[in-house]
Amino acid sequence: MYEIWLTLNILFELGLQYLPLVIGTAALWLVLMIFAATRRRAGWKKALAPALVIGVIATVITFFITPSMTMSSFDNMGYWVDWMNLFFYAVAFGGVAAALAWPIAASLRRRG
Amino acid sequence: MSHKPEPPSAVGRVDDSRRRFVLGASSLPVMAGAGLTTGLTLGSAPAHAALKTSAHIVIAGSGLGGLAIANRLARELDGARITVIDRKEIHNYQPGYTLVATGIWPVVKVSDRNADLMPANAQWVHEMVAEFDPVANAVVTDSGKRIEYDYLVVATGLHLDFAQIEGMDVAAIGTNGLTSVYPSPAAAEATWRAMDTFRQKGGQALMTLPATALKCAGAPLKMTFMIADRLKQAGTRDASKIDFHSALGNIFSVPVINDEVLRRWLKLNIPVTFNSKLVAVDIGARRATVTSPEGERTEIDYDFIHVVPPMRAPDAVKNSPLAWQEGGFAAGGWLEVDPKTLRHRRFPNVFGLGDINGTGKGKTAATIKKSAPIVAQNLIDVIAGREPSQVFDGYTSCPLLLREGAALLVEFDYQNNLTPSLPMIDPLQDSYFAWVMKYRLLKPAYMAVAKGRV
């Protein structure tokens with residue numbers, strides 16, 4: 001439990017550092033969700049696959065750009081712990097991308 | 001004592017597991033996506049029933065230790081009067097100094113307003129403690145104000161004793177190749193300017209280490225690794241010489257880390273001269289003087305010097321009855337605390353936290369992260385009429401920068417045991433993960449510690 005508490009605190013403080021970006025992203029997601037939810041016959045299930053694809057693409061891109069974005073490089077990947085962490089960072093950003101893509105795709109893909 | 005503690009209904013127990021700081025941070029990416037919005041709603045620690053008391057607790061100092069303990073006690077005590085004494089208005093994130101001094105961070109990232117971190121229900125006296133009178137349970141500020149207490153937490157930090165180096169002028173840092181990462185954000189920034197200038201042409205770099213206890217004892221090593229890396233990046237490493245002079249017989253107190261760093265420096269062509277203490281610097285002539293234990297003085301010309309000052313307790317502690325009266329910690333005037341409970345050995349209503357403690361290890365932010373909850377709980381125990389229940393193992397950690405993009409994540413305790421938070425972390429392995437910890441995640445964790453939440 002302590003680890004979860006510590007992680008939430010680090011996230012909270014990181015969120016404070018990037019508050020405009022975090023609020024902007026959350027607000028954008030909310031607007032997109034409301035927009036999609038108020039559209040008639042929004043295709044939520046049909047939107048899962050494209051949202052997932054977008055998430056995977058974002059994960060792959062994040063995976064490759066994160067080392068240079070953090071003033072490092074793939075040459076500094078010392079062992080599997082480094083690769084695992086990089087992978088999870090990428091997955092986290094991919095998840096955000098998928099969450100943003102889902103309502104957009106749902107709005108575009110109407111139910112038959 | 002003027003107060004009567006009431007029995008707690010349910011005093012929150014502090015974390016008694018070891019070394020969870022890095023462990024939690026390592027799971028951060030897993031939770032990052034899901035926790036992004038959850039984190040924004042986070043405002044306070046898990047609920048505890050507070051101990052009712054009318055005790056007056058004085059906290060001397062508002063660095064990381066002072067703030068962490070003030071915030072914890074403000075939350076975990078009901079009715080206590082908490083007074084924090086410190087003039088400092090700006091809170092500097094000192095673990096970030098090495099990042100500023102090596103050109104990784106801009107200087108603005110290390111400074112925050114102390115008022116933003118101070119608990120709302122604490123009285124903040126904007127003065128400095130000039131005198132401790134533990135026999136009378138009182139402190140005297142530099143304006144002459146006498147403040148009595150029931151309990152005292154000494155968290156004053158330490159004194160950088162540049163005066164022990166003849167000719168040293170802190171105001172000259174950044175000029176004539178003179179650098180030091182320790183004094184301030186401005187000095188760290190000036191150090192980077194000097195390093196950046198030096199690396200364009202290269203030359204003779206002289207890195208130093210004093211014989212006293214140090215805050216962030218890894219900083220002199222980080223600076224040495226990073227200047228080698230910066231010279232290499234600039235293509236001037238081959239035209240340069242880096243010499244490390246240690247006033248001790250080693251460069252780090254933990255033998256396995258000491259040996260590992262020396263092994264790496266051998267490969268990087270960084271020779272070490274042991275038992276060679278910096279005693280004087282001629283800033284204009286760019287000439288340093290070192291002495292051997294036998295008193296033999298040697299002059300060394302340099303193009304770049306990193307000065308690490310001897311460190312000791314501030315005069316107010318050093319000259320008080322609170323300081324060690326004998327033994328190895330007496331010379332530095334360090335606070336005489338029990339290393340396990342961090343309670344004063346002679347004045348049972350006094351505790352110490354952070355750099356000021358005369359203990360075998362532990363002048364880092366990570367030490368405070370681990371020990372602040374222990375001191376808070378032990379103080380609460382004492383207020384409640386119990387013996388201190390928590391034991392500190394001396395945990396310290398040091399993300400040791402190796403080069404831009406990689407670090408070692410070293411964690412150890414009083415006994416020099418390596419104590420990795422996760423078994424899978426190899427403390428001697430160059431690591432991107434350790435770099436990201438230092439570069440991105442440790443300041444958020446630090447802020448959570450200052451606010452008394454973790």
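All chains are named by letter (A, B, ...) in the order of the sequence lines, taking the proteins before the strands, and each is independently numbered beginning at 1.
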Nearest 0.5 Å, what's the CD1-CZ distance between Ile10(A) and Arg440(B)?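 Reported value, rounded in 0.5 Å steps: 14.0 Å.
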
As an exercise, state the distance from CE of Met424(B) to CH2 of Trp80(A), rounded to the nearest 0.5 Å.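 It is 4.5 Å, given to the nearest 0.5 Å.
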
Is a donor from one side chain sitting under 3.5 angstrom from an acceptor on the other, for Thr70(A) and Tyr432(B)?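 Yes, because at least one side-chain N or O of Thr70(A) sits under 3.5 Å from a partner of the opposite role on Tyr432(B).
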
Any side-chain heavy atom of [X] within less than 4.5 Å of one from [Y]?
X         : Y        : answer
Gln429(B) : Asp82(A) : no
Phe433(B) : Asn76(A) : no
Asp426(B) : Val81(A) : no

Is it the side chain or the backbone of Trp29(A) that comes within 4.5 Å of chain B heavy atoms, both, or neither?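 Contact with chain B: none, neither part.
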
Only pairs of heavy atoms separated by less than 4.5 Å count here; which of Pro444(B), Ala448(B), Ala434(B) has the most with chain A?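 Of Pro444(B), Ala448(B), Ala434(B), Pro444(B) has the most heavy-atom pairs under 4.5 Å with chain A.
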
Look at atom CZ of Phe87(A) and say whether more than 12 heavy atoms of other residues, nucleotides or ligands are closer to it than 6.0 Å.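 Atom CZ in Phe87(A) is not crowded, with 12 or fewer foreign heavy atoms closer than 6.0 Å.
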
Should the heavy atoms of other residues, nucleotides or ligands under 6.0 Å from NZ of Lys232(B) be counted, would the total exceed 12?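 No - once you tally the heavy atoms of other residues, nucleotides and ligands closer than 6.0 Å, there are 12 at most.
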
Check whether Ile104(B) gets within reach of chain A through its side chain, its backbone, both or neither, counting any heavy atom under 4.5 Å.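 Interface part for Ile104(B): both.
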
Would a distance-only check, ignoring hydrogens and angles, find a side-chain to backbone donor-acceptor pair under 3.5 Å from Trp5(A) to Arg453(B)?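 Flag set: sc Trp5(A) to bb Arg453(B) pair under 3.5 Å.
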
Go through the steps to decide whether Met71(A) and Trp435(B) satisfy the test side-chain contact (heavy atoms from CB on, under 4.5 Å), and finish with yes or no. CA-CA 9 Å; Met71(A) 297 183 77; Trp435(B) 167 263; 3.9 Å; yes

For the residue pair Ser72(A) and Gly405(B), what are the closest heavy atoms and their distance?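 Between these two residues, the closest heavy atoms are OG-O, 2.7 Å.
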
N-O pairing of Glu13(A) and Lys443(B) below 4.0 Å: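 Answer for the salt bridge query: no.
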
